[in-house]
Amino acid sequence: MAKRASIYVCGNCGHEEIRWLGQCPACGEWNSLTELRMPKATRGKSPAAGAWAGVSGPGSGAPVPLADVSAAVADRLTVEPEEVARVLGGGLVAGSVVLLGGEPGVGKSTLLTGLALDWTGRGVRVLYVSGEESPAQIRLRAGRLGFDEKRGEGFHIIDQITLESLLDTLYADATEFDGPCVVIVDSVQTLHSEQLDAHPGSVGQIRYCGGALADYARQTRRPIFLVGHVTKSGDLAGPKVLEHMVDTVLYFEGSGGASIRMVRAVKNRFGATGELAIMEMRGDGLVPVDEAGALFLGGRRGDIGSCICAVRNGSRVFLVEVQALVSPARYGTPQRVVQGVDSKRVALLAAILEKRAGMDLAGCDIFVKVTGGAKLEDPGADLALMTALASSLRERPVPEDTLILGEVGLTGMVRDVTDRAARLKEAARYGFKRVVLATSGKAAKSQAGMKIDAVTTVGEAMDAALNSGRAKGGAG
Ligand code: TYD
Ligand code: MG
């Protein structure tokens with residue numbers, strides 16, 4: 001079958017079609033498909049394979065016994081700070097491609113410059129491709145982050161935005177220098193290939209340039225960071241088309257506190273997803289936050305409508321405060337406004353409270369907020385969400401030293417959470433003394449120094465959380 005000369009790619013979600021359509025069948029966006037012509041010279045092959053096949057080319061294609069395949073992928077370049085290394089799955093894998101997405105100004109260049117300075121300080125070569133800023137601006141930023149001749153030796157700037165000349169430079173560099181080297185492309189939206197008749201930043205250009213750079217990373221075993229800007233709505237607009245061809249996708253976002261930044265791994269072929277790095281933007285760069293476990297806790301505890309739970313995010317436990325406001329609806333249909341948690345989940349939990357614990361929420365407006373910009377995905381926070389709702393409805397506080405943990409089913413039964421010990425240990429560190437949770441079989445009376453109040457149903461849990469008569473201070 002003849003190879004097609006062009007395909008049509010959705011700029012919104014990266015979906016491919018063989019002909020033009022007015023609406024993308026995958027994401028429903030109108031007029032988002034653009035034509036992507038395959039360059040003649042490389043049609044049907046990976047973009048860079050032809051011209052630079054000599055460097056350390058891909059395999060011959062013949063079957064190879066798995067035992068003979070080198071497991072060198074486990075070679076990881078040490079990444080400092082540890083906070084970022086964890087998100088990458090413990091270090092930077094040789095030949096891997098990392099897409100770093102984030103809104104303009106969030107600190108992507110700052111993060112990468114900081115990592116680069118650490119690498120060059122340890123003898124790793126860094127090639128920083130500057131499409132976005134002038135070399136002088138990068139020098140200025142590096143200066144703020146502590147660049148000096150000694151620490152920054154091996155830090156190279158490549159001021160190129162044409163893919164073909166950039167690849168020439170990069171491949172030439174790879175033949176000359178075969179030590180460890182990291183390539184940073186800031187940003188992929190500024191690159192353009194002469195082979196394509198499309199402007200920089202368009203889906204076609206991003207896809208083609210990203211593909212060629214990913215090939216370069218795999219052939220030379222040099223890891224590459226691709227920076228991609230995201231739109232306000234939070235998706236990697238153009239760079240979305242790269243998500244499937246890179247190994248790791250990191251999102252960089254701000255949080256409640258103005259200077260707090262979070263890096264989240266949403267895809268990682270070499271580590272767990274859901275990992276979170278929490279850092280603070282200071283005058284001299286990004287610094288990991290101490291005591292991150294309590295970052296999402298407000299100063300006060302024990303207020304009406306507030307409840308604290310311990311949630312897992314990747315390999316770490318965070319204490320998170322859930323707040324709810326329940327009040328009789330005055331106008332028409334009751335409102336359900338939620339922040340930091342899925343609204344359908346809140347509706348479901350409210351329905352369970354109504355049916356299984358006899359609470360009348362149907363005629364009430366419900367507002368739910370997770371403090372500090374945290375996102376609640378852990379099912380272990382079900383019971384805490386319900387307790388916050390019940391606390392507001394009943395006008396009773398949860399005692400300030402009490403933690404609520406548990407997943408809740410439609411029948412109103414409460415289930416134990418995964419990794420209970422780690423959660424209790426973290427809570428005990430921050431002064432919690434008692435926990436309401438479900439236990440199966442022989443219940444322990446205490447764990448990690450915390451008193452356990454064992455419950456099996458939602459009704460029992462609400463009684464244990466709100467009627468303990470141990471409320472001190474607070475608004476109750
Ligand atoms: P930048 O890394 O340029 O963002 P991005 O590459 O994601 O567009 O950083 C943007 C902001 O960070 C800018 O407003 C200045 C601030 N900043 C600091 O607060 N401290 C620093 O040490 C640096 C380098 C930047
Ligand atoms: Mg930048």
Side-chain angles (χ1 to χ4, degrees), residues 77 79-81 84 92 98-174 176-177 179-194 199-202 205-206 209-210 212-213 216-217 222-230 238-239 250 252 254 258-259 261 263 279-287:
L77 189 62
V79 175
E80 278 291 330
V84 181
L92 193 55
V98 182
L99 177 63
L100 177 66
E103 283 178 20
V106 73
K108 300 178 294 297
S109 308
T110 307
L111 176 72
L112 292 176
T113 309
L115 294 181
L117 284 174
D118 175 66
W119 282 318
T120 52
R122 285 187 281 123
V124 176
R125 186 177 175 84
V126 171
L127 302 178
Y128 197 109
V129 181
S130 69
E132 203 104 323
E133 293 164 307
S134 68
Q137 282 170 304
I138 294 168
R139 169 77 209 249
L140 221 59
R141 178 185 291 112
R144 284 178 75 173
L145 304 181
F147 170 85
D148 61 50
E149 312 284 308
K150 222 167 83 212
R151 208 176 148 213
E153 204 188 331
F155 197 139
H156 296 79
I157 306 281
I158 302 178
D159 191 11
Q160 292 265 19
I161 53 166
T162 308
L163 179 74
E164 285 71 24
S165 21
L166 173 64
L167 285 175
D168 280 338
T169 312
L170 288 177
Y171 276 98
D173 190 85
E176 241 165 61
F177 179 84
C181 175
V182 179
V183 180
I184 296 171
V185 180
D186 190 1
S187 67
V188 68
Q189 271 116 326
T190 52
L191 294 184
H192 87 278
S193 163
E194 285 162 346
H199 55 86
S202 65
Q205 287 286 5
I206 290 176
C209 297
L213 289 165
Y216 170 80
R222 290 179 160 188
I224 287 198
F225 276 94
L226 300 175
V227 172
H229 292 297
V230 304
L250 303 181
F252 201 150
S259 61
R261 299 284 186 276
V263 183
M279 285 169 292
E280 191 182 350
M281 179 66 94
R282 301 231 193 109
D284 56 351
L286 287 155
V287 190

Rounded to the nearest 0.5 Å, how far apart are [atom1] of [X] and [atom2] of [Y]?
X      : Y      : atom1 : atom2 : value
Leu226 : Leu250 : CG    : CG    : 11.0 Å
Leu77  : Leu115 : CG    : CG    : 10.0 Å
Arg261 : Leu111 : CZ    : CG    : 11.0 Å
Ser130 : Ile157 : OG    : CD1   : 6.0 Å

Q) Does the pair Ser259 and Arg282 meet the rule for a side-chain contact (heavy atoms from CB on, under 4.5 Å), with working shown? A) CA-CA 7 Å; Ser259 61; Arg282 301 231 193 109; over 6 Å; no

Considering only heavy atoms from C-beta outward, does the side chain of [X] approach that of [Y] to under 4.5 Å?
X      : Y      : answer
Pro180 : Val124 : yes
Leu213 : Leu170 : yes
Ile184 : Leu127 : no
Arg222 : Val182 : no
Ile206 : Gln189 : yes
Asp168 : Leu166 : no
Thr110 : Leu145 : yes
Ile224 : Val98  : no

Only one of Val185, Leu99, Asp186 passes side chain to side chain contact (heavy atoms under 4.5 Å, CB included) with Val227, and that residue is Asp186

task: Test Gln205 against Val188 for side-chain contact (heavy atoms from CB on, under 4.5 Å), laying out the working first.
output: CA-CA 9 Å; Gln205 287 286 5; Val188 68; over 6 Å; no

* To do: Might you work through the side chain to side chain donor-acceptor pair (under 3.5 Å) test for Glu132 and Ser187, ending with a clear yes or no?
  => CA-CA 6 Å; Glu132 203 104 323; Ser187 67; 2.8 Å; yes

Which heavy atom of [X] sits nearest a heavy atom of [Y], and at what distance?
X      : Y      : value
Cys181 : Asp173 : SG-OD2, 4.5 Å
Leu191 : Cys209 : CB-SG, 3.9 Å
Gly107 : Phe252 : O-CE1, 3.4 Å
Ala142 : Leu117 : O-CD1, 3.8 Å
Phe155 : Ala116 : CE1-CB, 3.7 Å

Contacts of Arg122 meeting salt bridge (Lys or Arg N to Asp or Glu O under 4.0 Å) (sequence neighbours excluded), chain-then-number -> Asp118

Any donor-acceptor pair under 3.5 Å from [X] side chain to [Y] backbone:
X      : Y      : answer
Glu194 : Thr162 : no
Lys108 : Gly228 : no
Arg125 : Thr120 : no
His156 : Gly154 : yes

| task | List the steps, then state whether side-chain contact (heavy atoms from CB on, under 4.5 Å) holds for Phe225 with Leu92. | result | CA-CA 10 Å; Phe225 276 94; Leu92 193 55; 3.7 Å; yes

Evaluation steps, side-chain contact (heavy atoms from CB on, under 4.5 Å), between His192 and Leu163: CA-CA 6 Å; His192 87 278; Leu163 179 74; over 6 Å; no

- Message: Against the six-membered ring of Phe147, is Arg139 placed for a cation-pi contact (under 6.0 Å from the centre, within 45° of the normal)?
- Response: no

- Just say parallel, tilted or perpendicular for the rings of Tyr216 and Tyr171, cut-offs at 30° and 60°. perpendicular

Does CD in Gln137 sit with more than 12 non-hydrogen atoms of other residues, nucleotides or ligands closer than 6.0 Å? yes

